[in-house]
Amino acid sequence: KQEVTQIPAALSVPEGENLVLNCSFTDSAIYNLQWFRQDPGKGLTSLLLIQSSQREQTSGRLNASLDKSSGRSTLYIAASQPGDSATYLCAVQKGTYKYIFGTGTRLKVLA
Amino acid sequence: GAGVSQSPSNKVTEKGKDVELRCDPISGHTALYWYRQSLGQGLEFLIYFQGNSAPDKSGLPSDRFSAERTGGSVSTLTIQRTQQEDSAVYLCASSLASWYEAFFGQGTRLTVV
């Protein structure tokens, strides 16, 4: 059974810091991995999708890496801003459609 | 529309009543998903549609839950005889095809009193 773990569960950093969020999964046979952010009381916003054949994806200040063999993905956020405060979720795609979600990292960036 | 749209955004219902939750996916997206997010819990897969067919209904918690999709577009999740444990945020997502990036709606917050 695929299990997805995110560490840390919560993180508080001062504005401007670079930070790394971690995601680990137990079954390396994944199709895709997608990172999302969720603001309180809102739905999920897609950040980055990494296909199984890729090692990383970048969008603006965000960079996500994938190491299937070790069952890990990291989301790197450069020069964090208060607007980055949210819960970050990683989801691994088992088979070609079902996403298994981690429990998230609650990030607070202090001004 | 520009994104996945869900309605209503909030629903309060009495225990034992039936409810219908609606999802309008992004136009042209063939894959559609329903997930549930309970308080303090992670996202739980409910059902996946490819076109109008649901090849995987394995996540539906009980036979009180059903879903359909018509015209390869709008989907409705129906919960019959609601129970308090059904209280959660129900999220819908769509993607161009199942292996493409998934986009989520804002969710329907269901409260059963």
Side-chain angles (χ1 to χ4, degrees), chain A residues 1-7 9-10 21 23-27 29-54 57-59 62 64 66 73 75 86-106, chain B residues 1-10 21 23-26 29-51 53-60 88-111:
Chain A
K1 178 186 174 184
Q2 177 71 274
E3 293 184 1
V4 183
T5 305
Q6 291 187 246
I7 295 173
L21 307 182
C23 172
S24 62
F25 45 94
T26 54
D27 184 349
I30 66 169
Y31 205 77
N32 293 327
L33 184 146
Q34 194 165 350
W35 281 93
F36 298 88
R37 68 174 279 170
Q38 186 173 31
D39 294 279
K42 304 291 186 182
L44 278 65
T45 300
S46 176
L47 298 174
L48 290 164
L49 171 74
I50 310 177
Q51 296 177 342
S52 60
S53 59
Q54 298 174 324
Q57 281 287 340
T58 297
S59 176
L62 305 179
L66 173 64
S73 176
L75 179 67
T87 295
Y88 288 80
L89 296 161
C90 76
V92 299
Q93 194 172 27
K94 180 178 173 61
T96 59
Y97 59 89
K98 183 186 291 189
Y99 276 98
I100 309 297
F101 283 83
T103 50
T105 293
R106 294 188 311 279
Chain B
V4 178
S5 178
Q6 292 187 246
S7 61
S9 55
N10 282 285
L21 312 180
C23 172
D24 282 90
I26 295 172
H29 281 195
T30 64
L32 186 146
Y33 315 79
W34 284 97
Y35 283 82
R36 178 169 74 173
Q37 187 173 35
S38 303
L39 188 64
Q41 302 294 315
L43 276 87
E44 173 189 8
F45 170 83
L46 297 179
I47 189 168
Y48 157 68
F49 285 93
Q50 176 55 45
S53 300
D56 190 345
K57 306 179 183 179
S58 64
L60 295 177
V89 176
Y90 290 82
L91 292 159
C92 174
S94 72
S95 59
L96 193 61
S98 62
W99 56 90
Y100 281 74
E101 188 176 6
F103 296 92
F104 278 77
Q106 294 299 296
T108 293
R109 182 175 299 277
L110 175 66
T111 303

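Only this structure's heavy atoms are used, side chains among them; waters, hydrogens and symmetry mates stay out.
- Nearest heavy-atom pair across Ala102(B) and Ser46(A) is O-CB, 3.8 Å.
- Taken from CG in Leu47(A) to CD in Glu101(B), the straight-line distance is 9.0 Å, to the nearest 0.5 Å.
- Heavy atoms of Ser95(B) lying under 4.5 Å from chain A are absent altogether.
- Interface residue Gln37(B): only side-chain heavy atoms are found under 4.5 Å from chain A.
- Distance check: Lys42(A) NZ to Leu91(B) CG gives 13.0 Å after rounding to the nearest 0.5 Å.
- Using non-hydrogen atoms only and a strict 4.5 Å limit, the part of residues 97-104 of chain A facing chain B consists of Tyr97(A), Lys98(A), Tyr99(A), Phe101(A).
- Sequence neighbours left out, the pairs with a member in residues 30-45 of chain B that pass salt bridge (Lys or Arg N to Asp or Glu O under 4.0 Å) are Arg36(B)-Glu44(B).
- For the set Tyr100(B), Tyr35(B), Phe103(B), the count of heavy-atom pairs under 4.5 angstrom toward chain A peaks at Tyr35(B).
- Between the CD atom in Gln51(A) and the CH2 atom in Trp99(B) there is a gap of 11.0 Å [rounded to 0.5 Å].
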